Enquirer: 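Got a structure for you, questions after.
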There are 2 protein chains.
Amino acid sequence: MARLRRLVLERLMRYYRFLTESSAMKGAETVTSAQIAEALDIDPTQVRKDFGAIDLLGMGRVGFDVCEVCRSIRVVLAFDDHIEAVLIGAGHLGSALLAYKNFERYGMRITAAFDSDKRRIGQRVAGLTVQSTRGLKPYVKKQRIRLAILTTPMEVSQAVADRLISVGVEAIWNFSPTQLTVPDSVLVRNEHISLGLAELSYHLQR
Amino acid sequence: MARLRRLVLERLMRYYRFLTESSAMKGAETVTSAQIAEALDIDPTQVRKDFGAIDLLGMGRVGFDVCEVCRSIRVVLAFDDHIEAVLIGAGHLGSALLAYKNFERYGMRITAAFDSDKRRIGQRVAGLTVQSTRGLKPYVKKQRIRLAILTTPMEVSQAVADRLISVGVEAIWNFSPTQLTVPDSVLVRNEHISLGLAELSYHLQR
DNA sequence: TAGATTGTTAATCGATTAACAATC
DNA sequence: TAGATTGTTAATCGATTAACAATC
C-alpha cells in the first residue's frame, strides 16, 4: 500500500467518525459511497478512491460493508496501537485537551502533563497532577514517549520541542502558533487555530 | 482585487504574525520574500505571488516595506472591523477560547457565552457570565451578532447552528466534530481537532 | 434480466515551483 | 555599474471531478 497523504488520512478519519458516531448510520450493515459523500459534502468518487487506496473493495449494487470499512480504517490509522503522549503547557487549551477523553477511542492517551509555571505545578487537571518541566526529559526517556502535545506560549515552543526531540519524541502536535524547526524524521502537526480568524474576518467584511 | 482563496488568506495571516510577533523581525524596516519564506518554510515565489494578489509592490534589491505589508494585510483581512461574536458551549474548549484574549488583536471580541447546562449557567469565565441558551436568539438578534463560535457537543451543534442562522448569524467557527448543513450564504469554518490524530497516529505506526 | 453501484481511466482544476527578464 | 530582488509567465505537480464500462 502506497504512502497515504495527509488529506486522505483526514478523510479516512471523517469516514470513520461518520460510520461509528452518526445516528444516520445506526444499525446499517452497508453504506454506499453516495451516502457518505452526501453526509460529508464531498464527491462520491473521492470516497471510492480513498477506499481503493486502502484496498477496500465494495460490492456492486450494494455498497460497502460498514464493519469491514471501520476495521480497515482502524488498522490503517493504527487506532489500536495505544500511543502514549505527554502534554506540555497546562493552560486553558492544555487543560481542555487533557479533559477531552475521546482521544482514547483513537488509541491516544495523555499520560503526563507538564508546566513551568509554579502556580500550576502540583495542580490536578483531569486526573493528572501537573509536573514541573524539570522532570520532562527524564519522564519522556524513561517511558519512551513518542508523541508530545505542545500547548505552550509561542516564545518557548521551539526550546521545548528541541528538548523533546533530544530524548526521542517522534511527533509533535503543535497548538502554539509558531513554525517549529525540526529534523526531517520528526512529524509536526500544526493546529494554528487563529488561522481560521483570517478566513472568517475576510468573509464578514462589508 | 479578485476574491482570495482560503489558503492565501491563511498565509497572509502567517505573514502578518511573523512580521508583527517574531523576534527575527525586531526593528527591521524591510523584509525580503526569501526571509519570510525561510521562516515559514514555504517558497519565496509563493510569498511574492500572495503579496501581488493584494496589490503589494516590493522594491528591487531591497524587498518589502514591513509597515506597508502589515497595513495592507490588516485592511485585506479586516482586522480593524471589530467583529463581535458569541460563543455557545462553555465547556473546557469553550472556556479556553474565552480566555484567549489575543483574538482582539485581530479585531474579534467574544461578547457573550451561552450554555444549556444548569451547572455552568451563571458561572463567570474570563470576565463573562455564562448565560442560558434560552437567551441566545434574542441576544444575537438585538446585538446584530454576525459570528458565532460553536464549542457544543456534536449532538446539538446542528440545532444550535440552525437557530443562530435563523436570527442572522453569517459565519460559524465550528469546533464541534460535525459536518454542519447551512445555506450557501453562511460561512462555516471547521476546526476538527481530532483530524490531526489521524495523521499523527498513522505516522507513529510501526 | 434490469438497474444501481463500484472501480478506474481521463479530463479538469487549482496550487506550487522553476525560470528569468525587469528593476532598483 | 553590478548584483540582489522583484514580478510574471511557463512548467510541474497534486487533487478533484467527470465519464463510463464492469459488476453484482
Side-chain angles (χ1 to χ4, degrees), chain A residues 1-15 18-19 24-25 28-69 72-73 76 179 190 195 198-199 202, chain B residues 1-15 18-19 24-25 28-69 72-73 76 179 190 195 198-199 202:
Chain A
M1 198 187 301
R3 214 184 140 56
L4 302 173
R5 313 198 147 258
R6 188 158 68 89
L7 291 175
V8 177
L9 297 171
E10 292 190 359
R11 281 195 302 266
L12 290 176
M13 182 66 154
R14 295 178 66 203
Y15 302 151
F18 171 68
L19 295 175
M25 289 306 300
E29 285 183 8
T30 61
V31 65
T32 67
S33 59
Q35 278 177 279
I36 298 177
E38 158 83 30
L40 303 181
D41 197 25
I42 56 185
D43 193 278
T45 310
Q46 188 71 271
V47 178
R48 299 201 291 277
K49 266 246 175 94
D50 291 337
F51 284 179
I54 60 171
D55 301 330
L56 260 172
L57 290 180
M59 301 164 281
R61 228 174 66 79
V62 180
F64 296 82
D65 181 278
V66 173
C67 291
E68 197 189 330
V69 172
S72 289
I73 296 180
V76 169
Q179 181 72 26
N190 293 307
L195 295 186
E199 189 186 2
Y202 178 77
Chain B
M1 197 187 303
R3 214 183 142 57
L4 302 173
R5 313 197 147 257
R6 188 157 68 89
L7 291 174
V8 177
L9 296 172
E10 292 190 0
R11 282 195 301 268
L12 289 176
M13 181 66 152
R14 294 178 68 203
Y15 302 150
F18 171 68
L19 294 176
M25 289 306 300
E29 284 183 11
T30 60
V31 65
T32 67
S33 59
Q35 277 177 280
I36 298 177
E38 159 83 32
L40 303 182
D41 197 25
I42 55 185
D43 194 278
T45 310
Q46 188 71 271
V47 178
R48 299 202 292 278
K49 266 244 173 94
D50 291 337
F51 285 179
I54 59 171
D55 301 331
L56 260 172
L57 290 181
M59 301 164 281
R61 226 174 67 78
V62 181
F64 295 81
D65 181 279
V66 173
C67 291
E68 196 189 330
V69 172
S72 289
I73 296 180
V76 169
Q179 181 71 28
N190 292 306
L195 295 186
E199 188 185 4
Y202 178 77

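Worth saying up front: this structure is predicted, and the values here are computed from it rather than measured.
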Enquirer: Taking CG from B:L7 and C1' from D:dT16, how many angstroms apart are they, rounded to a whole number?
Expert: 14 Å
Enquirer: Report the secondary structure of DNA chain D in dot-bracket form, marking unpaired bases with a dot and bases paired to a different strand with |, and treating Watson-Crick or G-U pairs with both distances under 3.5 Å as paired.
Expert: ..||||||||||||||||||||||
Enquirer: List in chain and number order the residues that pass ring-ring contact (aromatic ring centres under 6.0 Å, His included) with B:F51, two or more places apart in sequence or in another chain; answer none if no residue qualifies.
Expert: B:Y15, B:F64
Enquirer: Between B:D43 (CG) and D:dT12 (P), how many Å, whole number?
Expert: 16 Å
Enquirer: Write out all pairs satisfying salt bridge (Lys or Arg N to Asp or Glu O under 4.0 Å) with one or both partners inside residues 29-41 of chain A, taking only residues at least two apart or from two chains.
Expert: none
Enquirer: In this structure, how many angstroms lie between the C1' atom of D:dT17 and the CG atom of A:D41, rounded?
Expert: 14 Å
Enquirer: Under 4.5 Å between any side-chain heavy atoms of B:L4 and B:L12, yes or no?
Expert: yes
Enquirer: Which residues satisfy the side-chain hydrogen bond (donor to acceptor under 3.5 Å, both in side chains) test with A:T45, sequence neighbours excluded?
Expert: A:D43
Enquirer: Quick one: list whatever passes side-chain hydrogen bond (donor to acceptor under 3.5 Å, both in side chains) with B:R6, sequence neighbours left out.
Expert: B:E10
Enquirer: Nearest-Å distance, CG (A:D65) to P (D:dC24)?
Expert: 15 Å
Enquirer: Remember a base hit wins even if backbone is also touched, and classify A:R6 as base, sugar-phosphate or nothing at under 4.0 Å, heavy atoms.
Expert: nothing
Enquirer: In whole Å, I'd like the distance from the CZ atom of A:R3 to the P atom of D:dG14.
Expert: 14 Å
Enquirer: A:R5 has an atom CZ; how far is it from atom C1' of C:dT16, in whole Å?
Expert: 13 Å
Enquirer: If the condition is side chain to side chain contact (heavy atoms under 4.5 Å, CB included), which residues does B:A28 pass it with, not counting sequence neighbours?
Expert: B:M25
Enquirer: Between B:I54 and B:I73, what is the shortest heavy-atom contact and its length?
Expert: CD1-CG1, 4.1 Å
Enquirer: Atom pairs under 3.5 Å, N or O on each side, protein against nucleotides 5-8 of chain C: can you list them with distances?
Expert:
unit_1	atom_1	unit_2	atom_2	d
C:dT5	O4'	A:R61	N	3.3
C:dT6	OP1	A:S33	N	2.9
C:dT6	OP2	A:S33	OG	2.7
C:dG7	OP1	A:G58	N	2.5
C:dG7	N7	A:R48	NE	2.7
C:dG7	O6	A:R48	NH2	2.7

Enquirer: Residues two or more places apart in sequence or in another chain: which of them pass side chain to side chain contact (heavy atoms under 4.5 Å, CB included) with B:A34?
Expert: B:T32
Enquirer: My understanding is that only residues two or more places apart in sequence, or in another chain, count here; which of them pass side-chain hydrogen bond (donor to acceptor under 3.5 Å, both in side chains) with B:R11?
Expert: B:Q46, B:D50
Enquirer: Tell me: CD of A:E10 to P of D:dA15, nearest whole Å?
Expert: 12 Å
